[in-house]
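Residue numbers begin at 1 in each chain, while the letters A, B, ... track the order of the sequences.
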Amino acid sequence: MNAPAFSFSAALPELFLSLSGLALLLFGALTGEKSYRRVAALALIALLVAAVLVLFGAGARSVEFGGLFVVDGFGAFMKALVLLGAALGIVLSLDYNRREELERFEFPVLIVFATVGMMLMISASDLISLYLGLELQSLALYVMAAFRRDSVKSTEAGLKYFVLGALSSGMLLYGASLIYGFTGSTNFAAIAGAVSGVVKSGAPVPLGVLFGVVFVLAALAFKVSAAPFHMWTPDVYEGAPTPVTAFFAVAPKVAATALLVRVLIEPFGAIAPQWQQVVWLVAVLSMIVGAFAAIWQTNVKRLMAYSSIGHVGYALVGLVAGGPGGVSAIALYMAIYLFMNIAAFSVILGMRVQGRAVERIGDLAGLSRTHPLVAAALAVAMFAMAGIPPLAGFFSKFYIFDAAVRGGHYVLAVVGVLTSVFGAFYYLRIVKLMYFDEATETLDRPFPASLGAVLAGATLFTFFFFLAPGPLVRAANAAAASLFPG
Amino acid sequence: MKTLALLAVFLPLAGFALAGLPIVAGRKGHGVDRWAQLATSICVGVAALASMSLFWSVGLGHQPTSFELFTWIDSGAFEASWAIKLDALSVVMLCVVTIVSTCVHVYSIGYMSHDPAIPRFMAYLSLFTFFMLMLVTADNFVQMFFGWEGVGLASYLLIGFWYDRESANAASIKAFVVNRVGDFGFALGIFGVFMMFGSVHFDTVFAAAPDHVGDQISFLWFEGHALTILCLLLFVGAMGKSAQLGLHTWLPDAMEGPTPVSALIHAATMVTAGVFMVARLSPMFELAPAALHSVCIVGALTAIFAASVGLVQNDIKRVIAYSTCSQLGYMFFAAGVSAYSAAIFHLMTHAFFKALLFLGSGSVIHALEGEQDMRRMGGLGPKIRITYWMMMIGSLALAGIGIPFVFGLAGFYSKDIILESAFAAHSGPGAFAFWLGIAAAGMTAFYSWRLLFMTFSGHARGDHHAHEHAHESPAVMLVPLYVLAVGAVFAGVLGYEYFVGHHREAFWGAAIKVLPEHDSVEHAHHVPVWVKVLPLVVSVAGIGMSYGLYIRNPAKPAELAARFAGLYRFLLNKWWFDELYDRIFVRPSFALGMGFWKKGDAAVIDGLGADGLAANTLVAARRMSALQTGYVYHYAFAMLIGVVAFATWYFVSR
């Protein structure tokens, strides 16, 4: 083994955030329930500071802590997205938690710890550190799903998520042990060396390694909620408190996608033709489930769950396409996905009739009459998710399909385009509801200011992305390039 | 300078947003109306001040510059940026657009005061102004096309502003569809430019153009001189936007829009975009003599065609619309004999006096509560004296009246230099354009005074009540008229030396390129005296004829119409263009569309495909939702099945 190199500065954002989380926990415990808002504000600041640290620390690729932890451009890009998603998650939760009497200081603290876990996942370069990060994240998320502990639905969501999550962790560990058994290491670089050695020698890839990859892939597919490991998603999204759902739909999704990309490309890049067959199927199934299963939904949170399943399917198309082009398309896709989702959820969080939160799709009827600006913003988000030009969502899909076609995966591109057509049905139905249907009960006015501000920001991004796509595309390209050294 | 340019271009956009926000937010009421009027007018007004300052430093100070705002499209070899190009050509356009736009904004406060949708109207006007400014400050074809389509959109929205009128909707669709034909040519031209030069950036293309003089490309089924084909395609775009013969049919119908719109879009600015485009692309057109000849001939034909139709129209706005069409023809044949500077000069002066005429006619219509038919006017001179004199100034400027070698109104200088340049070009098309232009000048004077006489002189022929209550417009409508009248009187004499006189080479710099052997403006200063005097003589004769027919002997016109009934109907029906197009294009398209719809879409596609597919989709979706049972062990089972299936796949496939 190499001499252990402990460069703490490489993990500065993670260290800072963990310490902040601990300090906030202590602060909250000492000052009691009424400290919620201060803790939330401090957590927000901590997340933003961590984001700044990530962006300033981004540089050349380096592997630290004895090969457990990698810092590179890809990680920086994804971490920045995760931190942004987490920060917005806190902002979005403020108004809702106040009205629903969920103002407990643990909420922001859990978000901070989950975020630390996600950052560790993104930077993992060893199966062990991968597992640690994943569990840190998941444990925090299980609790968050059941955060409204006096609600049957919320506790059911938390329990379901926990049980199925434990099953997926089991699969992950089983897969990891198979891989260790056949390659003799848990380190990504060492695994990559062993696997490419086998491939170069011309011998068939050991079945054990392939099985290991399948198990790991299944576990991670569970985390990104890709079909056929997606079934927890609608139930958990529906049952969890809405701010938690908003957070789930954004930050963990980005982190798990990043982890999936890294695991498949860094250690197992040499057997890409093998795992691409599985990812191909997962992508197709996810796109189909996302497009069709959402059609009959009446609950807007379940709808968003299926929508997110579909989006993961599109992102995975980039993984099948492979190469820097495919990964760059994924990075871009996740970034745009984040903004579209934040916009949609800031509307969902503001849906109230006479003070009580509602979540039926039908409650949006006639929104254009009572809340014209909100309706317009949600329409932009829906058109963007359906992939209609010139909104940002069109470009994210465009780059994905472009990568697929360049990689020769025509079937995948065709399936993707067809499912977007079917998926457009339920996105456009919301627009139709808002603009052409009469409301039975109108939503409350005024729309909460904090949600409105986030909504405005996300909508402006989605709407005007086409004017200057350059910077983000370049950042995504650079991030993807860092995964393919040499 | 950069700040000034940004202010000039983007303030109208800000005005659009400010006026539009309350609409989106669903607010209504007097306060919102006032807000929209003030916000847009002030934004455009400040933009006009910024433009004049730019004219001072860039135009008169000879400091052309351009700067990139940011990259727009960067895909492989294709690169286009948002940029602002400032040279003599674009600052002249900036000033024309913003000054006329400011006048129109202010005028609209009065003219539209009883309309229920004031904020929407003001927002559209500002949006139009923004797109027009994007068009004229573009430094590449793509941004120009963006502005080009944007003004088309704004024009469509404003022609159909009163969307509860069927005729307005039909007119807006007609304008849009006819422009589509032109824009298709323009787009093909841009594609061709990129194919040939590998760039859409003006400076790059212009620098490379001389190296491609000998190139041939094949287009459709024939092969030809590349630059000529490209220029002709681009010119098709200009013909559509500037309503040249063949693609002119939309312009008279566009008068369905509110009158301030006609003044701003369909007289002073948008319709001149084609002329601007040809001038901007002068480095390309100069190398394609055959294309220039086509431009010249089309322009000359348009000038005479539109003037002849204008002789017999009875709607006050349509007379001015045909006049605009005809004047655009002058500008094009000037460009066609390489007198681009004269074309832009006339563009500038025309913007003032034609906007003045339109706003004046708006004032007449306002006074008569919406009456537009001149047969029901008459005797309005004493009632609305200020409007009468403003219209008189506009008509004098349009007819090009002046005292040779002493002083003349705007059109006197700009129209004469065009005709002199056409004569001095000493080419077949030049001579053709010169003689048609002289004839059109006579007609112009005739129909202008016919309009004045029918409207303001004699006795009231229309509704007595309306005539009794005819009233002068409020100050908010008159002040813009004064401003434009000042322009109509002095723009010619002040601009002459810079635009086409001694200082022209220093003034234009590199903005306009003319090959030495094509320099017709230079030769125009040395034409025989009879050429310089002839337009004035013809114009005065036209006025005299008009006086004879409509004041001295008012029964005569009807008599003439009866005697030459065939000719009269030919002109009244606009040379049967609309009927011809209806037969050739519209009806077959309708028949084809009907066939596709009823037989193709409804019977074949819906029957076999869409409806069945939709039903099956719903069934599939329901099945998929049914899988979601809610039981944890079902979910866990699904996950395990998934893993087993994947693992088995490897087992089997190996």
Original post:
If you draw a 6.0 Å radius around CZ in R180(B), do more than 12 non-hydrogen atoms from other residues or ligands fall strictly inside?
Top reply: yes
Subject >> Within-4.5 Å side-chain heavy-atom neighbours: L640(B) and M171(A) >> reply: yes
Original post:
Hey, is CZ on F463(A) packed in by over 12 heavy atoms from elsewhere, all under 6.0 Å?
Top reply: no
Subject >> Proximity breakdown for F425(A) and chain B, heavy-atom pairs closer than 4.5 Å >> reply: neither
Original post:
Can you say whether R302(A) sits under 4.5 Å from chain B via the side chain, the backbone, both, or neither, judging by heavy atoms?
Top reply: side chain
Original post:
Counting only heavy atoms not in F191(B), do more than 12 sit closer than 6.0 Å to its CZ atom?
Top reply: no
Subject >> Closest contact, heavy atoms only, Y635(B) versus D235(A) >> reply: OH-OD2, 2.6 Å
Subject >> R369(A) CZ: over 12 foreign heavy atoms closer than 6.0 Å >> reply: yes
Original post:
In this structure, are over 12 heavy atoms from other groups packed under 6.0 Å from F146(B) atom CZ?
Top reply: yes
Subject >> Contact origin within Q297(A) toward chain B - heavy atom pairs under 4.5 Å >> reply: side chain
**OP:** State, to 0.1 Å, how close L467(A) and F70(B) come at their nearest heavy-atom pair, and which atoms those are.
**Re:** O-CE1, 3.4 Å
Subject >> Qualifying residues under side-chain contact (heavy atoms from CB on, under 4.5 Å), relative to V632(B), sequence neighbours excluded >> reply: K160(A), V163(A), L164(A)
Subject >> Residue pair L281(A) / F646(B): nearest heavy atoms and the distance that separates them >> reply: CD2-CE2, 3.4 Å
Original post:
Who pairs with F161(B) by ring-ring contact (aromatic ring centres under 6.0 Å, His included), at least two apart in sequence or on another chain?
Top reply: F121(B)
Original post:
With only heavy atoms counted, which part of V289(A) is less than 4.5 Å from chain B, the side chain, the backbone, both or neither?
Top reply: both
Original post:
Do M231(A) and H634(B) have side chains that get closer than 4.5 Å, going by heavy atoms?
Top reply: no
**OP:** Determine the minimum heavy-atom distance between M639(B) and F229(A), stating which atoms define it.
**Re:** O-CE2, 3.2 Å
**OP:** List the atom of F211(A), the atom of A647(B), and the distance in Å for their closest heavy-atom pair.
**Re:** CE1-O, 3.5 Å
Original post:
Should we say atom CZ of F394(A) is surrounded by more than 12 heavy atoms from elsewhere, each under 6.0 Å from it?
Top reply: yes
**OP:** Looking only at non-hydrogen atoms, find the nearest pair between W296(A) and R622(B) and report the distance.
**Re:** CH2-NH2, 2.9 Å
Original post:
Which of the residues G630(B), A638(B), A645(B) is involved in the greatest number of heavy-atom pairs with chain A at under 4.5 angstrom?
Top reply: G630(B)
**OP:** Would you indicate whether F162(A), at its atom CZ, is surrounded by more than 12 heavy atoms from other residues, nucleotides or ligands within a distance under 6.0 Å?
**Re:** no
Original post:
Looking at P228(A), A218(A), G470(A), which has the largest count of heavy-atom pairs under 4.5 Å with chain B?
Top reply: P228(A)
